Protein chains: 2
Amino acid sequence: MTSSPPATRVRKLPEERRAEIVRTAARIALEEGLERITLRRVADELGVRPGLIGHYFPAADDLVSEAFAFAAAGERDTLMPDAEAGLPPTARLAHFLVRVGGDDYVDLGRLWLNARHLSRFKPGLGAVVRAQETTTRNALAELIADGVRSGEFTAEDAMGAALHILVTVDGLGSYSNDDVPFDHPAVHDMALRTAERLLVLPPGTLRRSI
Amino acid sequence: MTSSPPATRVRKLPEERRAEIVRTAARIALEEGLERITLRRVADELGVRPGLIGHYFPAADDLVSEAFAFAAAGERDTLMPDAEAGLPPTARLAHFLVRVGGDDYVDLGRLWLNARHLSRFKPGLGAVVRAQETTTRNALAELIADGVRSGEFTAEDAMGAALHILVTVDGLGSYSNDDVPFDHPAVHDMALRTAERLLVLPPGTLRRSI
DNA sequence: TACCCCATTGGTCATGAGACCAATAGCAGC
DNA sequence: GCTGCTATTGGTCTCATGACCAATGGGGTA
């Protein structure tokens with residue numbers, strides 16, 4: 001009955017184990033929140049001992065920061081189709097904004113809210129958050145600049161337009177944890193409509209371009 | 001040396017003690033965050049024993065919710081001058097948006113970020129957050145409706161405009177914990193300029209009206 | 001003045017966190 | 001095949017939390 005489990009000790013390559021730990025922590029962060037990332041919790045998920053996680057991350061906060069960076073970078077790649085994909089800027093922007101406004105975004109919106117708050121207490125996480133914000137901001141500004149060059153968008157200041165759009169996206173993301181968000185026509189597609197106004201696109205262009 | 005402090009036991013009226021506890025917890029929340037509200041911490045501030053706080057708040061979460069409600073309601077009264085103050089809608093709106101965009105708002109912006117995130121784990125707090133959002137939303141919509149009635153503003157949908165303004169305010173509030181916010185003309189007075197556009201006011205009207 | 005309610009004390013207990021460390025066992029290189 | 005490095009184990013220690021409770025004494029009331 002009280003047979004202790006085999007406890008067969010598996011030794012992996014350090015990089016492999018480390019990647020596995022970060023990936024697991026990122027999944028926990030997305031599903032349950034950054035504060036649920038603990039040495040014990042990650043260890044349980046991987047079927048190893050907590051001490052091992054501590055071996056790779058002597059400061060638990062570093063694991064939290066890295067997990068957020070991993071999750072945010074991975075999700076951004078999903079949200080913003082690369083220019084290499086061959087899509088025109090209008091379609092790329094539309095993809096981004098539609099997904100960001102859609103139901104699938106709730107987890108990621110929550111994660112950003114989570115990280116932005118937690119960075120108040122964890123300076124390391126704050127640095128990562130700001131770095132991720134910079135990357136997203138630059139990617140969006142670049143996308144807009146592409147559109148201006150191709151004549152699809154009209155904007156004097158691509159970075160200014162990107163910032164404005166992101167403020168709207170983050171503002172809407174503030175309500176990620178409201179189980180019953182306030183329903184009003186003004187908030188429907190607010191990010192899409194804001195982008196169309198800023199880039200001088202006829203209303204409905206973005207949603208239609210998908 | 002080891003003289004134990006007198007431990008003079010002060011007995012206060014329940015309502016008085018309770019109010020004192022909530023007020024102290026709200027101050028801690030504003031200065032250090034809602035998660036710093038603990039029975040021990042509040043007890044230390046008041047010079048009483050932790051058990052006493054537990055007596056008034058058998059569930060610690062309820063103290064957190066009430067502290068947030070107290071802080072948010074109190075700060076809103078400061079931010080949004082009442083109609084009774086005799087100020088015209090334009091000046092009242094300008095006061096609100098200037099303060100919300102100013103440096104004094106960081107603490108409150110952080111608190112809202114804090115509460116919106118924490119409500120993921122504390123349903124009771126979530127209900128309070130939504131109630132406070134509703135109150136703010138209605139107050140702003142009412143202010144805008146006043147302005148439309150007096151002919152100062154032009155808006156078909158006062159609630160829609162209020163929502164749009166609040167999304168912008170909350171979006172900007174997302175960056176409350178960034179020690180070095182990204183500096184760009186587009187974010188300067190974004191809330192003010194958004195309000196002027198929505199309410200069909202000449203640019204600069206709001207800031208000038210103070 | 002005496003009584004009694006209940007605000008307040010001062011503990012205990014269980015839980016879960018991170019940090020730390022000596023012992024162990026995979027596994028690659030000699 | 002042996003040896004040495006180190007990934008991994010399995011503990012321990014300390015700290016903070018919330019919940020719970022019996023005893024105490026302040027102060028209004030009879």
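Proteins come first, then strands; the chains are lettered A, B, ... in the order of their sequence lines, and each starts at number 1. Computed from a predicted model, the values in this text were never measured in an experiment.
B:D44 has its CG atom 12 Å from the P atom of C:dT9, to the nearest Å. The distance from atom CD of A:E35 to atom C1' of D:dA16 is 17 Å, rounded to the nearest whole Å. Atom pair B:E15:CD and C:dC6:P shows a separation of 13 Å (rounding to whole Å applied). The distance between atom CD of A:E16 and atom P of D:dT6, rounded to the nearest whole Å, is 18 Å. Atom NZ of A:K12 is separated from atom P of C:dA25 by 20 Å (rounded to the nearest Å). Look at CD1 on A:I21: it is 11 Å from C1' on D:dA7, rounded to the nearest Å. Atom CD in B:E20 sits about 13 Å away from atom C1' in C:dT8, given to the nearest Å. To the nearest angstrom, C1' of D:dG18 lies 12 Å from CG of B:L63.
Along DNA chain D, the nucleotide closest to B:L13 and the one closest to A:L52 are compared, and the more 5′ of them pairs with A:L52. Heavy-atom nearest nucleotides on DNA chain C were determined for A:V10 and for B:Y56, and the one closer to the 5' end corresponds to B:Y56.
Among the protein residues, A:P50 comes within range of no part of the nucleic acid, since none of its heavy atoms lies under 4.0 Å from any strand. Across all strands shown, A:G54 has no heavy atoms under 4.0 Å from either base or sugar-phosphate atoms. Using a 4.0 Å heavy-atom cutoff across all strands shown, A:L39 reaches sugar-phosphate atoms only and no base atom. Nucleic acid contact class of A:R40 (heavy atoms, under 4.0 Å, all strands): base.
In the set C:dA19, D:dT8, D:dG18, the nucleotide with an atom closest to the side chain of A:A60 is C:dA19. Of the listed nucleotides (D:dT17, D:dT8, D:dT24), D:dT8 has the atom at the smallest distance from the side chain of A:H55. Each of C:dG26, C:dT8, C:dG18 was ranked by its minimum atom distance to the side chain of A:R11; first place goes to C:dG26.
In terms of heavy atoms, B:T90 sits closest to B:S209 at O-OG, 3.7 Å. Nearest heavy-atom pair, B:V22 versus B:F57, reported as atom, atom and distance to 0.1 Å: CG2-CZ, 3.7 Å.
Side-chain N/O atoms of A:R49 include one lying less than 4.0 angstrom from OP1 or OP2 on D:dG10. Remark: B:R9 is not in phosphate contact with D:dT24, judged by side-chain N or O atoms under 4.0 Å from OP1 or OP2.
Here the side chains of B:H184 and A:D157 are in contact, with some heavy-atom distance below 4.5 Å. Within the 4.5 Å cutoff, no side-chain heavy atoms of B:E66 are placed close to those of B:V128. Here the side chains of A:E133 and B:D178 are in contact, with some heavy-atom distance below 4.5 Å.
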